[in-house]
Amino acid sequence: MNARGGKDDGEAKEEAPLYGGTYVSLDLFNPVSHFLGTRFVQGEAAVDVNIKNAFFPVIELGYGGVSYDNGEGLDYKSSAPYFRVGLNYNTMAKKLRENHFYIGARYGFSAFKYDIRSNGLIDPVWSAPITYDRLGQKAFGQWIELVAGVRVQIKNNFMMGWSVRLKRLIGNVSNGDNEAWYIPGYGYNGTTAYGATYSIIYKFSASKKTK
């Protein structure tokens, strides 16, 4: 304390550096979900950068696919890469810790092809098999996501994190004569969709010291 009862310069409140490190994440939730029975095959990785421990620009890259029999004589197959770009805001920024609770937004995009094949499809009038194959139809999807998540330090530079996502489709263009049923990275083709991630994370620190 100085004579006026204030803090000395050496006791001034610590501030977050402009650059606080780069995080690389690998999602485990979606691969495990597929193993447990979900239709979609999906895996993704992400890179985000710590700015003042508050703002985290992020890029997410993934690959999604599906092979589905609709039970009415049609098979649907599709797989393709997708990407998202966005920003997270750490609501616990002032604590200067590696335990974060964040909210954020994403823009997502995927350009893909899909196949629709007949599989025992029967004409309801003539009771005869119908051949209906539409292969290599091109489409792309665009969407936005609202994200909420948690990141927790396990030990040193290793962390784990969870997120939940609300998605809204903003563009879906198909060049074929059938609309795409599934959009990689988004899910079922509809107005809204939901998602989740559970990730293992490694931080490449700005310095050797890890808070």
Assess whether side-chain contact (heavy atoms from CB on, under 4.5 Å) is satisfied between Tyr19 and Val49, documenting all intermediate values.
-> CA-CA 8 Å; Tyr19 170 67; Val49 176; 3.7 Å; yes
Show your reasoning for whether ring-ring contact (aromatic ring centres under 6.0 Å, His included) applies to Phe158 and Tyr202.
-> CA-CA 5 Å; Phe158 288 94; Tyr202 183 82; 5.0 Å; yes
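From Gln42, atom CD reaches atom CD of Glu44 across 5.5 Å, with rounding to the nearest 0.5 Å. Once rounded to the nearest 0.5 Å, the distance linking CG of Asn157 with CZ of Phe204 reads 9.0 Å. For the atom pair CG of Leu74 and CD1 of Ile116, the computed distance is 7.0 Å after rounding to the nearest 0.5 Å. Taking NE2 of His100 as the start and CD1 of Ile201 as the end, the distance is 9.5 Å to the nearest 0.5 Å. Atom OG in Ser163 sits 4.5 Å away from atom OH in Tyr102 (nearest 0.5 Å).
In summary, the side chains of Thr38 and Ser33 do not present any donor paired with an acceptor at a separation below 3.5 Å, with no hydrogens or angles considered. Asp48 and Thr22 share no side-chain donor-acceptor pair at under 3.5 Å. Residues Asn90 and Arg97 have side chains that never bring a donor and an acceptor to within less than 3.5 angstrom of each other. Using modelled atom types, one finds a donor on one side chain and an acceptor on the other under 3.5 Å when comparing Gln142 with Tyr107.
Residues Arg106 and Asn88 form a side-chain contact, since some pair of their non-hydrogen atoms from C-beta on lies under 4.5 Å apart. Residues Ile51 and Phe56 form no side-chain contact, since every pair of their non-hydrogen atoms from C-beta on lies 4.5 Å or further apart. For the pair Trp143 and Ile183, the minimum side-chain heavy-atom distance is below 4.5 Å.
Formation of a donor-acceptor pair under 3.5 Å by the Asp115 side chain with backbone atoms of Lys77 is not found in this model. Of the possible donor and acceptor atoms, one in the side chain of Lys167 sits under 3.5 Å from a partner among the backbone N and O of Gly185. Judged by distance alone, the side chain of Asn50 and the main-chain N or O of Gly21 form no donor-acceptor pair under 3.5 Å. At least one donor-acceptor pair closer than 3.5 Å links the side chain of Asn99 to the backbone N or O of Gln153. For the pair Asp27 (side chain) and Ala45 (backbone), a donor-acceptor distance under 3.5 Å is absent. Checking side-chain atoms of Asn53 against main-chain N and O of Ala16 turns up no donor-acceptor pair under 3.5 Å. Listed for the Asn189 side chain is a donor-acceptor partner under 3.5 Å among the backbone atoms of Ala180. Looking at His34, its side chain does come within 3.5 Å of a backbone N or O of Phe40 through a donor-acceptor pair. At least one donor-acceptor pair closer than 3.5 Å links the side chain of Asp133 to the backbone N or O of Ser118. The backbone N or O of Trp181 sits less than 3.5 Å from a side-chain atom of Tyr76, completing a donor-acceptor pair.
Cation-pi contact between Arg151 and Tyr23: present, with separation from the ring centre below 6.0 Å and deviation from the ring axis of at most 45°.
Across Ser79, Ser174, Ser78, a single residue satisfies side-chain hydrogen bond (donor to acceptor under 3.5 Å, both in side chains) together with Tyr114, and that is Ser174.
A distance of 6.0 Å or more separates the ring centres of Tyr68 and Tyr182. In summary, the aromatic rings of Phe55 and Tyr89 are positioned with their centroids under 6.0 Å apart. Checked against a 6.0 Å centroid threshold, the rings of Tyr186 and Phe109 do not count as neighbours.
By the 6.0 Å contact criterion, CG on Leu28 is enclosed, its count of non-hydrogen atoms from other residues, nucleotides or ligands being greater than 12. The number of heavy-atom neighbours closer than 6.0 Å to NZ of Lys94, taken from other residues, nucleotides and ligands shown, is 12 or below.
With respect to Arg168 and Glu145, no salt bridge is recorded, no charged nitrogen being found less than 4.0 Å from a carboxylate O. With respect to the salt-bridge test (charged N to carboxylate O, under 4.0 angstrom), the residues Arg165 and Glu60 qualify.
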